[in-house]
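Given the structure is predicted, the values throughout are model-derived calculations rather than measurements.
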Amino acid sequence: MYRIAACDDDGVAISQLKMLISQYALEHSELELSFTPFCSPEELALHIKRHAFDIYLLDIILGKTDGIELGAAIRQEDEKAVIIYITSSPDYAVQSYSVEAFYYLLKPIGRQSLFPVLDKVFTRLYKTQNSAFSIRTRDGLYSVKTSRIVYIEYHSHRLLYHLDDGTNILSITFRESFDRISAPILKNSSFAKVSSSFIVNFMHVKKITKKGFYMTNDMEITVSRLYPDVKREYMDYILKGGEHRAL
């Protein structure tokens, strides 16, 4: 089940969103959706400390706490949720990227504007949940979901996959160079080579630092001077709506 939360202090807007999500659910019977409305950001912020959602539909102008602050609070609790802003003002579009919002919609909204965005969200979630890497090890072949890989380290002609639960998988020994070995991995836009021995998964980047990337497992990966464009690649990935576990 995909859980959707909406927060807007306008009761009419909340009712409209509820109706639209109900219509979307009817037209996409393959998806199991739940919808929970909130009229205040404080109420939602308190709720997510106990129960998180997969998708958040947020207004920005919400009284004392604006939607950007609410988005930041969500990010502190949930690294992978999708945030979509739905607001009457275009003035906060740039600020919305500070919480890596998936999309920014202007009111009034209808099925023509909301449904294509939801289609993109669920397509991305489906691909993320179902994409996997096959890792050849001395003990056999392991299949690991892309979203579980935080970063990959190259050492002594072997790849060490660092996973989100703190475990590691060590590959077989390769005769080829790191460039040759990493080529198939880098076909996935979530991954980028940042040095002569590291590949990061953009899904697990918490923040950009002066040295490079701070990952969800609290490891800081240094970006080599030989890869000056990789931080820009990361921003392009986010702006294009790439899946992100550290949002």
Side-chain angles (χ1 to χ4, degrees), residues 1-129 235 238-247:
M1 173 181 287
Y2 294 103
R3 297 155 298 177
I4 302 173
C7 186
D8 198 314
D9 55 4
D10 182 345
V12 174
I14 284 289
S15 296
Q16 183 186 28
L17 279 174
K18 182 178 180 179
M19 178 189 68
L20 287 170
I21 296 300
S22 295
Q23 290 178 355
Y24 189 85
L26 286 173
E27 296 177 18
H28 296 79
S29 57
E30 74 281 5
L31 298 174
E32 188 177 358
L33 306 178
S34 70
F35 179 82
T36 306
F38 295 88
C39 293
S40 76
E42 293 80 12
E43 182 185 5
L44 176 54
L46 182 63
H47 186 93
I48 61 175
K49 292 183 180 296
R50 303 187 306 272
H51 303 288
F53 295 89
D54 301 297
I55 302 168
Y56 294 85
L57 307 175
L58 307 178
D59 190 11
I60 287 185
I61 303 172
L62 290 168
K64 293 182 180 179
T65 302
D66 65 40
I68 301 297
E69 293 176 15
L70 179 58
I74 291 170
R75 288 294 175 236
Q76 290 180 357
E77 300 293 334
D78 193 330
E79 298 176 344
K80 63 182 182 297
V82 173
I83 294 177
I84 299 171
Y85 283 113
I86 301 173
T87 185
S88 57
S89 173
D91 298 337
Y92 299 89
V94 174
Q95 287 178 262
S96 71
Y97 288 118
S98 67
V99 295
E100 283 116 5
F102 182 83
Y103 220 87
Y104 192 98
L105 292 172
L106 289 177
K107 294 179 180 179
I109 64 164
R111 57 179 296 129
Q112 294 83 2
S113 56
L114 180 61
F115 285 17
V117 175
L118 292 177
D119 288 343
K120 291 180 181 178
V121 169
F122 290 116
T123 297
R124 190 189 75 175
L125 291 176
Y126 178 83
K127 287 181 178 179
T128 300
Q129 292 172 357
M235 293 308 300
I238 294 300
L239 293 176
K240 291 176 181 178
E243 168 69 1
H244 201 235
R245 295 264 159 178
L247 304 175

Atom CD1 of I83 and atom OH of Y104: how far apart are they, to the nearest 0.5 Å? 13.5 Å

About how many Å separate CG of L58 and CD1 of I84, when rounded to the nearest 0.5 Å? 9.0 Å

Quick one: do L70 and Y85 satisfy side chain to side chain contact (heavy atoms under 4.5 Å, CB included)? Show the steps, please. CA-CA 11 Å; L70 179 58; Y85 283 113; 6.0 Å; no

Are H47 and F53, when compared by the centres of their aromatic rings, separated by less than 6.0 Å? yes

Residues in side-chain hydrogen bond (donor to acceptor under 3.5 Å, both in side chains) contact with [X], at least two apart in sequence or another chain:
X: Y24; result: D119
X: D66; result: none
X: S89; result: D91

Listing request: all side-chain hydrogen bond (donor to acceptor under 3.5 Å, both in side chains) pairs with a residue in residues 48-58, at least two apart in sequence or in separate chains. R3-D54, K49-E77

Determine whether [X] and [Y] make a side-chain contact, defined as any pair of heavy atoms from C-beta on separated by less than 4.5 Å.
X: D59; Y: I86; result: no
X: L33; Y: F122; result: yes
X: I21; Y: L118; result: yes

Inter- and intrachain pairs under salt bridge (charged side-chain N to carboxylate O under 4.0 Å, His left out), touching residues 7-20, at least two apart: D8-K107

Quick note, salt bridge (charged side-chain N to carboxylate O under 4.0 Å, His left out) partners involving residues 22-48, not counting sequence neighbours, are E27-R111

Residues which pass side-chain contact (heavy atoms from CB on, under 4.5 Å) with S113, listed by chain and number, not counting sequence neighbours: L105, I109

